[in-house]
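This is the structure I have questions about; it appears just below.
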Amino acid sequence: MQVAVLTFDGFNELDSFIASALINRCRKDGLEAFITTPTPVVTSMNGVPVTGQRPMEFVAEADVVLVGSGVKTRDVVADDRLISRLRLAPDRQLIGAQCSGALVLARLGLLTGMPACTDRKSRPFVEACGVTVLDTPFHAEGNIATAGGCLASQYLATWVITRALGEDAARAVLDYVAPVGENEETVARALRAVDTGAAALRG
């Protein structure tokens, strides 16, 4: 399975890199993430230039698409030409958004009838799209998930790994990257966040 980590100019490094790094610990099991960009090079909100691993059109063939956030997301959703290049298929793809990435999903009509998670600064703009924002770090319904807060990117990655390879694979990744001495609580917190965030599926 291939994962497109959609990364725009002005991106938040924590959002794109944490998710891709965690997912790429599953390469041997066939799950691989790629930094996917609309231009060959994008520059982060802190001035770090990054060369994309895949062009934005890769989102159409990816099995999973994660939309990162950044300081220019509102410019992204206002750019009709850029948005028209995003051809997503929630019936066959897992689609997630981090923080202001929820604005992209809202612009594409993928949050209709469901609440979402986002960060504090993005909240009023997401609400202005008619989306109810939850005071939780993660929420998923079907193949759509959103996460709020930079470090909640680990929950998006956990969701992807769990859906693709199962909970044991997610446990192994989380246990490896957890702070020393905090392995058990780190794994439990991430799995709890994802399980609680997807509880709506079970009614």
In this structure, CG of N183 is separated from CG of L174 (nearest 0.5 Å) by 10.0 Å
Could you go step by step and tell me if L66 and Q98 meet the side-chain contact (heavy atoms from CB on, under 4.5 Å) rule?
-> CA-CA 7 Å; L66 299 182; Q98 177 71 38; over 6 Å; no
Is the backbone of W159 close enough, under 3.5 Å, to the side chain of T162 for a donor and an acceptor to pair up by distance?
-> no
So CZ of F8 and OG of S44: to nearest 0.5 Å the spacing works out to 15.5 Å
Charged N-O contact under 4.0 Å between R123 and D135 | yes
Could you tell me the separation between the CG atom of D63 and the CD1 atom of I95, rounded to the nearest 0.5 Å?
-> 11.5 Å
V5-L110 co-clustered via ILVMFWY side chain contacts under 4.5 Å | no
So which heavy atom on A102 is nearest to which on A97, and how close?
-> N-CB, 3.6 Å
Working for side-chain contact (heavy atoms from CB on, under 4.5 Å), residues F125 and L103 | CA-CA 8 Å; F125 302 106; L103 288 170; 3.9 Å; yes
S69 and G101 have their tightest heavy-atom pair at CB-N, 3.9 Å
Look at atom CZ of R85 and say whether more than 12 heavy atoms of other residues, nucleotides or ligands are closer to it than 6.0 Å.
-> yes
Is the shortest side-chain N to carboxylate O distance from D79 to R107 below 4.0 Å?
-> no
Under a 4.5 Å side-chain heavy-atom rule over Ile, Leu, Val, Met, Phe, Trp and Tyr, are L134 and Y155 clustered together?
-> no
Does L31 share a hydrophobic cluster with L22, counting links as ILVMFWY side-chain heavy atoms below 4.5 Å and allowing steps through other members?
-> yes
List the steps, then state whether side-chain contact (heavy atoms from CB on, under 4.5 Å) holds for I18 with L151.
-> CA-CA 8 Å; I18 289 177; L151 295 181; 3.9 Å; yes
Find the distance between OG1 (T43) and CE (M45) and round it off to the nearest 0.5 Å.
-> 13.0 Å
Taking all non-hydrogen atoms of both residues, which atom of P38 and which atom of T7 are closest, and how far apart?
-> CD-O, 3.4 Å
Sidechain-backbone polar pair: S100 side chain, G70 backbone, donor-acceptor under 3.5 Å | yes
Walk me through it: do T146 and L105 pass the test side-chain contact (heavy atoms from CB on, under 4.5 Å)?
-> CA-CA 9 Å; T146 52; L105 298 196; 4.2 Å; yes
Residues, nucleotides or ligands: over 12 heavy atoms within 6.0 Å of R120 CZ | no
Mark yes when over 12 heavy atoms from residues, nucleotides or ligands other than E182 sit less than 6.0 Å from its CD; otherwise mark no.
-> yes
Write out all pairs satisfying ring pair (Phe, Tyr, Trp, His ring centres under 6.0 Å) with one or both partners inside residues 12-47, taking only residues at least two apart or from two chains.
-> F11-F17, F34-F58
